[in-house]
Asks: 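If you scroll down you'll find the structure; I have some questions about it.
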Amino acid sequence: MLLKQLEYFISVVEHNSFTQAAYEHYVSQSAISQQIKSLEASLGVPLMIREKRSFHLTPAGEYLYRNGKQLMTRVKNLQDETVRVGKNERKYLRIGYLNRYSGIALQQALMRTTKRYRDLDVRMYSGSHSELNQMLDDNLVDIIFNDYWQIKSDNDYVTYPISKATVIAEVPKGYTPEGSVELKELLDLPLILVCHDDQRLDEEENYRKSMGFMGSFLQVKNLEEARFLVGAGQGILLVDRFKYLVDTIPGIERKCILNNGKSIEKDYYFYVSPQNPNTYAEAFKDIFLQVLDEF
């Protein structure tokens, strides 16, 4: 199967016409028809049932059309990215990270990346689980830093495992004299969710299913607002760390969260879209892993 044959086949299906497909590719209708026949011969299965002035796809044709479009998109992106790398044109990196992450590894990796690639324009975007996935789908970021939550199949994202992050509770100062607290004891104050209104139910479900939290929730729009509420004794915020955390505001203490005496951990991953590769995303991922190894 040749890529050009696949391209002709997709064009015929999208236009529902051999004539329009031929016009689009500046070839004769007979050439288009012959290439599709050659494609069917090479595969050994019919892709379409031809009638007098129309056609309809076989199950194999439906499958090839649906998945072939994705393949052609990836091929086009691969070509474009290769040219950008060769001409040194692509000089930006957009990173999405989970808004509950509060470790210093991300900052360290970012500093090293910008030091190594001095002309690189880096943008950082925080978001909830579903926001990050949508950003990657919409090509608004090149790589996302997220825990394992409602992730699509491996065919949708390229997945790089990072490590396990420990869940830490930010609580009002004096909340408990103990250095750790059981999750089931966190019921007197609401758990603060950092997300938009339309994502609240998904976030609540995540905490109930993945962690077994059975208390109430309070929703805010950003991490700063969440910490103000914690300091005022209005709620509890859960954050994730790899060994070290960034500083927080006065009036907040941090406690290790336990579930039946054991620390709660989250598997973190980097996700990139195979349809929109970025060379610097791969480099940033490697630098981040190097930072973790040095902790």
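Only a predicted model underlies this, so the values are computations on that prediction, with no experimental measurement involved.
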Asks: Is there a side-chain contact between F213 and L186, using heavy atoms and a 4.5 Å cut-off?
Replies: yes
Asks: For R116, does the CZ atom have more than 12 heavy-atom neighbours from other residues, nucleotides or ligands under 6.0 Å away?
Replies: no
Asks: Would you indicate whether the side-chain heavy atoms of I257 and V181 approach each other to under 4.5 Å?
Replies: yes
Asks: When you compare the side chains of Y125 and E131, does any donor N or O come within less than 3.5 Å of an acceptor on the partner?
Replies: no
Asks: Please tell me if the side chains of Y175 and V230 come closer than 4.5 Å, counting only heavy atoms from C-beta onward.
Replies: no
Asks: Salt bridge check: are R227 and E170 linked by an N-O gap of less than 4.0 Å?
Replies: yes
Asks: Indicate every side-chain donor-acceptor pair of residues 215-222 with a distance under 3.5 Å to a residue at least two apart or in another chain.
Replies:
residue: Q219; atom: NE2; partner: C195; partner atom: O; Å: 2.7
residue: Q219; atom: NE2; partner: D197; partner atom: OD1; Å: 3.1
residue: N222; atom: OD1; partner: E224; partner atom: N; Å: 3.3
residue: N222; atom: OD1; partner: E225; partner atom: N; Å: 2.7

Asks: Which is it for V75 and E7 under the side-chain contact (heavy atoms from CB on, under 4.5 Å) test, yes or no, and what are the steps along the way?
Replies: CA-CA 11 Å; V75 169; E7 185 179 4; over 6 Å; no
Asks: Ignoring hydrogens, what is the shortest heavy-atom contact between E182 and G261? Give both atom names and the distance.
Replies: OE2-N, 2.6 Å
Asks: Using the salt bridge (charged side-chain N to carboxylate O under 4.0 Å, His left out) criterion, which residues pair with K209? Sequence neighbours excluded.
Replies: E205
Asks: Could you state the interatomic distance from CG (N16) to CD (E14), rounded to the nearest 0.5 Å?
Replies: 11.0 Å
Asks: Distance from M211 atom CE to I264 atom CD1, nearest 0.5 Å?
Replies: 4.0 Å
Asks: Tell me, please, which residues at least two apart from N260 pass side-chain contact (heavy atoms from CB on, under 4.5 Å).
Replies: K184
Asks: Would you say Y65 ends up clustered with V45 if hydrophobic residues are merged whenever their side chains have heavy atoms under 4.5 Å apart, either directly or through other cluster members?
Replies: yes
Asks: Which heavy atom of A283 sits nearest a heavy atom of Y117, and at what distance?
Replies: CB-OH, 3.5 Å
Asks: Please report the shortest heavy-atom distance between I95 and V122, naming the atom on each side.
Replies: CD1-CG1, 4.1 Å
Asks: Rounded to the nearest 0.5 Å, what separation is found between the CG atom of N146 and the CG atom of L136?
Replies: 10.0 Å
Asks: Is there a path of hydrophobic side-chain contacts, each under 4.5 Å between heavy atoms of I, L, V, M, F, W or Y residues, that connects L237 with L187?
Replies: no
Asks: Are L71 and L43 linked, directly or through other ILVMFWY residues, by side chains that come within less than 4.5 angstrom of each other?
Replies: yes
Asks: What residue pairs, at least two apart or across chains, pass ring-ring contact (aromatic ring centres under 6.0 Å, His included) with a residue in residues 41-60?
Replies: F18-F55
Asks: Indicate yes or no: at least one non-hydrogen side-chain atom of N206 is less than 4.5 angstrom from one of D202.
Replies: no
Asks: Look up atom OG1 in T73 and atom CD1 in I10, then write down how far apart they are to the nearest 0.5 Å.
Replies: 8.0 Å
Asks: Where is the tightest heavy-atom contact between L39 and L47, given as atom of each residue plus distance?
Replies: CD2-CD1, 3.7 Å
Asks: Can you confirm whether L191 sits close enough to L238 that some side-chain heavy atom of one is under 4.5 Å from a side-chain heavy atom of the other?
Replies: yes
Asks: Which atoms form the tightest heavy-atom contact between L258 and S263, and what is the distance?
Replies: CD2-N, 3.8 Å
Asks: Does the E62 side chain pair with the main chain of L57, one donor and one acceptor, at a distance under 3.5 Å?
Replies: no
Asks: Please assess K37 against E40 for the test salt bridge (charged side-chain N to carboxylate O under 4.0 Å, His left out), listing each intermediate value before the final yes or no.
Replies: CA-CA 5 Å; K37 288 180 180 178; E40 291 176 313; over 6 Å; no
Asks: In terms of hydrophobic clusters joined by side-chain contacts under 4.5 Å, are Y23 and Y8 together?
Replies: no
Asks: Are F9 and L3 connected, step by step, through hydrophobic side chains (Ile, Leu, Val, Met, Phe, Trp, Tyr) whose heavy atoms are closer than 4.5 Å?
Replies: yes
Asks: Take N278 and I143 through the side-chain contact (heavy atoms from CB on, under 4.5 Å) test and state the conclusion after the steps.
Replies: CA-CA 8 Å; N278 184 320; I143 187 170; over 6 Å; no
Asks: Under 3.5 Å, sequence neighbours excluded: what are the donor-acceptor pairs made by side chains of residues 284-295?
Replies:
residue: E294; atom: OE1; partner: R112; partner atom: NH1; Å: 3.1
residue: E294; atom: OE1; partner: R112; partner atom: NH2; Å: 2.6
residue: E294; atom: OE2; partner: R112; partner atom: NH1; Å: 3.3

Asks: Are the side chains of L223 and N99 in touch, meaning some heavy atoms are under 4.5 Å apart?
Replies: no
Asks: Between the side chain of Q107 and the main-chain N/O of I104, is any donor-acceptor distance below 3.5 Å?
Replies: no
Asks: When R94 is tested against each of D121, D142, D138 for salt bridge (charged side-chain N to carboxylate O under 4.0 Å, His left out), which residue passes?
Replies: D142
Asks: With rounding to the nearest 0.5 angstrom, report the CG to CG distance, L6 to L64.
Replies: 5.5 Å
Asks: Would you find more than 12 non-hydrogen atoms of other residues, nucleotides or ligands less than 6.0 Å from M111 atom CE?
Replies: no
Asks: I'd like to know whether CE of M72 has more than 12 heavy-atom contacts from other residues, nucleotides or ligands below 6.0 angstrom.
Replies: yes
Asks: Would you please say whether a donor-acceptor pair under 3.5 Å links the side chains of D240 and Y268?
Replies: yes
Asks: Return the CD1 to OG distance between I168 and S180, rounded to the nearest 0.5 Å.
Replies: 9.5 Å
Asks: Give the minimum heavy-atom separation between T58 and P46, together with the two atoms involved.
Replies: OG1-O, 2.8 Å
Asks: Which residues pass the side-chain contact (heavy atoms from CB on, under 4.5 Å) test with D267, not counting sequence neighbours?
Replies: K164, Y269
Asks: Please tell me if the side chains of Y271 and N133 come closer than 4.5 Å, counting only heavy atoms from C-beta onward.
Replies: no
Asks: Just to verify, which of R208, H129, H196 counts as forming a side-chain hydrogen bond (donor to acceptor under 3.5 Å, both in side chains) with E203?
Replies: H129
Asks: Dump the intermediate steps for side-chain contact (heavy atoms from CB on, under 4.5 Å) on L106 and M124, then the final yes or no.
Replies: CA-CA 10 Å; L106 201 61; M124 302 288 290; 4.0 Å; yes
Asks: Can you confirm whether M48 sits close enough to V12 that some side-chain heavy atom of one is under 4.5 Å from a side-chain heavy atom of the other?
Replies: yes
